[in-house]
Amino acid sequence: MARVGFVYHPLFLEHETGPFHPESPERLAAIVSRLRGTGLIDELEPIDPVPADLSWIETVHDPSYVGSVRGACPAEGIAHLDPDTVVSPKSFDAARLAVGAVLSAVDAVMEGRVQRAFCAVRPPGHHALPGRAMGFCLFNNVAIGARYAQRKHGLSHVLIVDFDVHHGNGTQAAFYDDPSVLFFSTHQFPHYPGTGRAEERGAGDGMGTTINAPLPPGAGGADILGALDSLLAPAVESFRPEIVLVSAGFDGHAEDPLARFELTEEDYGEITKRIVSLSEKHAKGRVVSVLEGGYNLSALARSVEAHIQGLMEIWRGVRSGEFGVERPG
């Protein structure tokens, strides 16, 4: 099995969103409880996160926006940044630590302490735009992680795979004209946030390094796997990433209340193994996965467990001939 890191901190639970909000602290509590109950957490390497320096957050976000998030956090109760996105007294600290969790995971992977890592963080990030909070998201954890991998560790090509049921519009916006980051997304369309058409392929030097696979309501695991095989795999052959970052949203599960995909936890395991196979061939097996959506607590916890088990696989997909690849001898 691959050595897989697990990044978590109780501060993530202190980002309060108010009663009945789907992006609740109970999401992480359910994940940790499941991993402890199955014993899987004991097989993971704990990685302690540290708060991200603001200079790293500002590689993606406008400094004025970062300051506005800090200033919006109330002394008590909650405040709304938009109808869906709220902050509470500890939200800025939790968001800064969520970014730091991803950076800590990138360090651990690049330094060889683990081969892959899963970051159980909140608030999520992939909707956050350079100057705007959106869709429960404050800072774009994965996008900042990509910039960090490039500037701290000298990587030239980073792949981001987003399988959340909602399109990662913030991540796409961050790299739309950047040929050094390949962004691939599967998502329900039409659906929130309204972006992610197949025709959105990048701009300028980044033309072709944005790949969207919009899928209709009712899509399932076979549809996601088909998009990975037919669209992502050929692109990765020429792009040759040095690390793979994953926006791991589990709100495409059939039991999730916020969308209409029909995935199961077993599907998430198979999707993960496909991504691992690509990373093994092109990126020395380096994968950093970051929690995004998933709002049915039981389905989320089961799906994360299957995802982590998939991250622990070594060469399974490559050995079986997926993507037409054989393991080098």
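Counting begins at 1 with the first residue of the sequence.
For R113, the side chain to side chain donor-acceptor pair (under 3.5 Å) partners at least two apart in sequence or on another chain are E111. Every residue meeting the ring pair (Phe, Tyr, Trp, His ring centres under 6.0 Å) condition with H191, not counting sequence neighbours, appears here in chain and number order: H166. Residues satisfying the ring pair (Phe, Tyr, Trp, His ring centres under 6.0 Å) test with F189, not counting sequence neighbours, are none. Residues forming a salt bridge (charged side-chain N to carboxylate O under 4.0 Å, His left out) with D223 (at least two apart in sequence, or on another chain): none. With sequence neighbours excluded, the residues satisfying side chain to side chain donor-acceptor pair (under 3.5 Å) with E26 are S24. Residues meeting the salt bridge (charged side-chain N to carboxylate O under 4.0 Å, His left out) test with E23, sequence neighbours left out: R27, R122. Shown here are the salt bridge (charged side-chain N to carboxylate O under 4.0 Å, His left out) partners of E14, two or more places apart in sequence or in another chain: there are none.
Residue pairs meeting the ring pair (Phe, Tyr, Trp, His ring centres under 6.0 Å) criterion with at least one member in residues 243-263, sequence neighbours excluded, are F163-F250, F250-Y268, F250-H307. Sorted by first and then second residue, the salt bridge (Lys or Arg N to Asp or Glu O under 4.0 Å) pairs with a member in residues 160-170 form an empty list; sequence neighbours excluded. Applying the salt bridge (Lys or Arg N to Asp or Glu O under 4.0 Å) test to every pair with at least one member in residues 167-180, sequence neighbours left out, gives these pairs: R147-D178.
V50 belongs to no hydrophobic cluster, as no Ile, Leu, Val, Met, Phe, Trp or Tyr side chain comes under 4.5 Å of its own. Here M134 is tied into one hydrophobic group with L129, Y192, each link being a pair of ILVMFWY side chains closer than 4.5 Å.
The closest side-chain donor-acceptor pair between S298 and R302 falls under 3.5 angstrom. E200 and T195 share no donor-acceptor pair across their side chains, judged by distance under 3.5 Å alone.
Counting only distance, with no hydrogens or angles, the side chain of Y176 and the backbone of G204 share no donor-acceptor pair below 3.5 Å.
A salt bridge is defined here as a Lys NZ or Arg NE, NH1 or NH2 lying under 4.0 Å from an Asp or Glu carboxylate O, and D107 with K152 meets this definition. With salt bridges taken as basic N to acidic carboxylate O contacts below 4.0 Å, one links D229 and R274.
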